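Everything on this sheet refers to the single structure shown next.
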Amino acid sequence: MTITPDADSAMRGMDRMAHGVVSRIPPLLLAHRRLDTFSSNVFIVFTVKAISTVVGMATGILVARSLGPTGKGSYALITTLPALVFCLVHLGVAEANVYFLRKQTHQMDPAVIRGNTMAFTILISGFTVATLLLLKPYLCSTFLSELPDIYFYIILLLVPFFLFDTFGSSLLVAFEQFKLLSAINLALRFVDTFVVVAVLYIFDLGLMGVVLAYLLYFVLKSAAFFLVGFWRQPIRRIPDLRSMYSSIKFGLKSHAQSLTGVLHYKIDIYILALFLTPGDIGYYSIAVALVSLIFYIPDVVGHVMYPKVASLNEKDAHLFTAQTCRNTLFVTILPAAGIIVFGRFLIRLLYGQEFLPATSALYLLMPGTITMCLYKILTRNFTSRNRQELTVFAGLFGLLINVGLNLMLIPRMGIAGAALATSISYSSTSILLLFFFLRQSGIRAKDSLFINGSDISAIVQTGQSIVFPHKIKPRVQV
């Protein structure tokens, strides 16, 4: 088709008109569109996560019933140690990957990020395994004294896959490929359940079987993230030292933030190991597993929120964070109330009569768990603005309270003391970080804590658009 000069002029005029229409779309409407995309991603990730949680819970129930309180406590010790080691060594690489792929003023080439990610995995894994081997006599004579040495070597095998699982998945998060990420996680959750059933009820391998299944789960996840994020993708084979330095410089703040957070979540298990038996740890791990169900809501929201907030200016980031906080807190309180009301019944039904001593810890953990949901959302705001030092301060403050109260209360109250200490420290950490956020943003406390009518209308409209995507058409005012 030949375009005449008159036709070409007319087409340019139409382009200018279309550009003018777009430029007159109110910024609030554009923000609403971003919120719709954010809400849709949250819905997708949360739905998949909910299914995965149910499947994972079923797997945990099978493990607890098969191994009993003592075996479940040993399994908790084994699987918690890699998480603690990871929080000590990860250097904030995953957070740096998202930041430097999303922040327009500091963007890096994805090929460089991929090459650096592989280099970080190899270097950090080698250093970590060597350090753990040096510490083996101490670890195996204290925290792991009740377990054969073979489990220590399995933990060593876990280290590189545990690292790459987080580092590799950060690329999918940065590009907001949440559907693909969710599909991988859900598929592997079903595979893990199948393997656990096989090792427990077909091959009768007991604790060793479920630990090997745990290792296999991370091996398969690492392989999946390598295939979708690195295989046949542009990748710089020689690491770029300058960009690696930039990643570490940014990541160390996130590393300190993550370190205080994970220690806050996990340290009570190992303090319990100093004073109580594996059976007591088994009871406590059941209480933690049940109250942690409500963490899936802020975890999912924060997971989707981080790359979104990183792309906004500071004012919009604060407003978006406040809205996300109050909506998440509202949604979180509902399942928390259900767990409080039916907690004892759920423990008896799911895990059996022998796990009922976990009930007291369950009730004492819940208040702090609810408030900690605020912390999980607010940390994304500070990280997106490269202000992690405030979250580190809040986390360190809470960690010191946690350790001090655990050491004081566990010898006197057992697992109930650990639960009370954790609940108090969670609440203190969240309130302090909320204070920092309100002071920096100038937003009122009620606008970050209490849902309003417009929030409910937006939630309903978003739900309708997700359930009936072809029937709800957006109205654009120009």
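None of the values given here were measured: they were computed from a predicted structure.
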(message) Against L147, only a single residue in P278, S74, C140 fulfils side chain to side chain contact (heavy atoms under 4.5 Å, CB included); can you say which?
(response) S74
(message) Using only atom types and a distance under 3.5 Å, with no angle test, would you say the side chain of R326 pairs donor to acceptor with the backbone of K446?
(response)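 Judged by distance alone, no pair lies under 3.5 Å.
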(message) Using the side chain to side chain contact (heavy atoms under 4.5 Å, CB included) criterion, which residues pair with P335? Sequence neighbours excluded.
(response)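 Side chain to side chain contact (heavy atoms under 4.5 Å, CB included) list for P335, sorted by chain: I294, I297.
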Pair [X], [Y]: side-chain N/O donor-acceptor within cut-off below 3.5 Å:
X	Y	answer
S247	N116	no
T371	S427	yes
T422	D268	yes
N185	S182	no

(request) If a pair satisfies side-chain hydrogen bond (donor to acceptor under 3.5 Å, both in side chains) and one of its residues is in residues 351-365, list it, with sequence neighbours excluded. (result)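 As it turns out, the side-chain hydrogen bond (donor to acceptor under 3.5 Å, both in side chains) pairs with a partner in residues 351-365, which skip direct neighbours, are R348-Q353.
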Is the [X] ring parallel, tilted or perpendicular to the [Y] ring (thresholds 30°, 60°)?
X	Y	result
F218	Y214	perpendicular
H318	F437	perpendicular
F295	Y426	tilted
F226	W231	tilted

(request) Quick one: pull up CG in L378 and SG in C325 and give me the separation to the nearest 0.5 Å. (result) 4.0 Å
(message) Tell me whether F393 at atom CZ has more than 12 heavy atoms from other residues, nucleotides or ligands lying less than 6.0 Å away.
(response)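 No, not enclosed.
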(message) Atom CZ of residue position F342 - does it have more than 12 heavy atoms of other residues, nucleotides or ligands inside 6.0 Å?
(response) no
Can you list, pair by pair, the side-chain donor-acceptor contacts under 3.5 Å of residues 190-198, counting residues two or more places apart and other chains?
| unit_1 | atom_1 | unit_2 | atom_2 | d |
| --- | --- | --- | --- | --- |
| D192 | OD2 | R189 | NH1 | 3.3 |
| T193 | OG1 | T59 | OG1 | 2.7 |
| T193 | OG1 | R189 | O | 3.1 |

(request) For I155 and V85, run side chain to side chain contact (heavy atoms under 4.5 Å, CB included): C-alpha distance rounded to whole Å, both residues' side-chain angles, the deciding distance at 0.1 Å, then the answer. (result) CA-CA 10 Å; I155 292 170; V85 170; 5.6 Å; no
(request) Decide yes or no on ring-ring contact (aromatic ring centres under 6.0 Å, His included) for F120 and H90, but give the supporting numbers first. (result) CA-CA 9 Å; F120 276 127; H90 68 78; over 10 Å; no
(message) Is there a side-chain contact between F164 and M118 in this structure, where contact means two heavy atoms from C-beta onward sitting under 4.5 Å apart?
(response)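 SC-SC contact between F164 and M118 confirmed.
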(message) What I'd like to find out is whether the side chain of L157 reaches to under 4.5 Å of the side chain of V129, using heavy atoms alone.
(response) no
(message) For D299, is there an ion pair with K376 - N to carboxylate O distance below 4.0 angstrom?
(response) yes
